[in-house]
Number of protein chains: 2
Amino acid sequence: MAAPAEKHDVFKAIADPTRREVLRLLAENDRPISEIADHFDMSRTAVTKHLQILTEAELISGRKEGREKIYQLHPEPLTEVKQWLGYYEKFWGNKLAMLRHLVEDDKK
Amino acid sequence: MAAPAEKHDVFKAIADPTRREVLRLLAENDRPISEIADHFDMSRTAVTKHLQILTEAELISGRKEGREKIYQLHPEPLTEVKQWLGYYEKFWGNKLAMLRHLVEDDKK
DNA sequence: AGAATATAACACCTTTTGGTTGTATGTCAA
DNA sequence: TTGACATACAACCAAAAGGTGTTATATTCT
C-alpha cells in the first residue's frame with residue numbers, strides 16, 4: 001500500500017504557462033507530441049519534459065499509436081484546485097471579507 | 001496605460017504549499033510576520049520572502065502598525081484561477097469529456 | 001538615553017526548473 | 001531494405017527558487 005504521495009502536485013503542474021497552454025490544446029483535441037511542440041517556440045525535448053510533469057500529476061496520459069504517442073487530457077485532478085478555491089470563494093462573492101475586516105478593526 | 005504585467009502571477013504564487021498555508025492563516029486573521037513565522041519550521045527570513053511573493057501577486061498586503069507589520073488577505077486575484085478552472089469544469093461534472101472522446105474514437 | 005523587539009536588507013549556498021544538443025531506437029512507406 | 005519520420009534518453013547548462021545566517025534600522029518601553 002503506502003500512499004503514492006503524488007510526485008508532482010497539481011498546483012505545481014499548472015503553475016507554468018506553457019503547461020497550461022498544453023492543457024488547453026489537449027482540451028480541444030488529443031494530439032501527438034510533435035503537434036503539441038509545433039505550438040511552442042522551444043525544442044521537442046523541452047515540451048516532452050512538460051508532458052512528463054503533467055503526466056506525473058495525472059492531468060494527462062499518453063497512449064502509443066504506431067510511431068506516434070498521443071496525449072489526452074485527464075481533468076479530474078483539477079478538482080483538488082477547485083476544492084481549495086472553494087474555501088476562499090466566500091471572501092469575494094458576498095461581503096464576508098469586508099465584514100470580517102470591519103470586526104477586526106473594531107477590536108482595536 | 002501599459003499593463004502592469006503582474007510580476008508574479010497568481011498560479012506561481014499558490015504553487016507552493018507554504019504560501020497556501022500562509023493564505024489560510026491570513027484567511028482566519030490578519031497577523032504580523034512573527035506570528036506567521038511561528039507556524040513554520042523555517043527562518044523568519046524565509047517566511048518574509050514568501051510574503052513578498054504573495055504581495056507581488058497582490059494576494060496579501062501589509063500595513064505597518066507601530067513596530068509590527070500586519071499582513072492581511074486579499075483574495076481577489078484568485079478569481080483569475082477560478083475563471084481558468086471554469087474552462088475545464090465542463091469536462092468533469094457532466095459527461096462532455098466522455099462524449100468528446102467517443103467522437104474522437106469514431107473518427108479513427 | 002538605553003534596552004528590547006520587529007522587521008529590512010544583504011550575502012551566500014543548494015536544489016529544482018526549464019532549456020539545450022546529440023545519439024539511439026522504433027515505425028512506416030516506397 | 002533503405003530512407004524519412006517520431007519519440008526516447010542521456011549529458012549538460014544557466015537561472016531561479018527556497019533556504020540559511022548576519023547585520024542594519026526603526027520603534028517602543030522604562
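Letters go in sequence order (proteins before strands), and every chain restarts at 1.
- Atom CG in B:L51 sits roughly 14 Å away from atom P in C:dA9 (whole-Å rounding).
- Rounded to an integer number of Å, the gap from A:M42 CE to D:dC13 P is 21 Å.
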Name the pairs: protein N/O against N/O of nucleotides 21-23 of chain C, kept only if under 3.5 Å.
unit_1	atom_1	unit_2	atom_2	d
C:dT21	O4	A:T45	OG1	3.4

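- Under the ring-ring contact (aromatic ring centres under 6.0 Å, His included) criterion, the residue pairs touching residues 11-51 of chain B are B:F11-B:W84, with sequence neighbours excluded.
- B:Y71 is linked by a ring-ring contact (aromatic ring centres under 6.0 Å, His included) to nothing, counting only residues two or more places apart in sequence or in another chain.
- For B:P77, the side-chain contact (heavy atoms from CB on, under 4.5 Å) partners are B:V10, B:E58, B:L59, not counting sequence neighbours.
- A salt bridge is defined here as a Lys NZ or Arg NE, NH1 or NH2 lying under 4.0 Å from an Asp or Glu carboxylate O, and A:K12 with B:D16 fails to meet this definition.
- In this structure, A:I14 atom CD1 and C:dT17 atom P are separated by 15 Å, rounded to whole Å.
- Among the heavy atoms of the strands lying under 4.0 Å from B:K49 is at least one base atom, whether or not backbone atoms are also near.
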Discussion item. Base contacts versus sugar-phosphate-only contacts with protein, heavy atoms under 4.0 Å: please encode nucleotides 1-6 of chain C as B, S and - from 5' to 3'.
Written reply: ----SS
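- For A:A37, the side-chain contact (heavy atoms from CB on, under 4.5 Å) test picks out A:R44, A:V47, with sequence neighbours left out.
- Distances shorter than 4.0 Å separate some side-chain N or O of B:H50 from OP1 or OP2 on D:dG19.
- The CG atom of B:D9 sits 14 Å away from the C1' atom of D:dA17 (whole-angstrom rounding).
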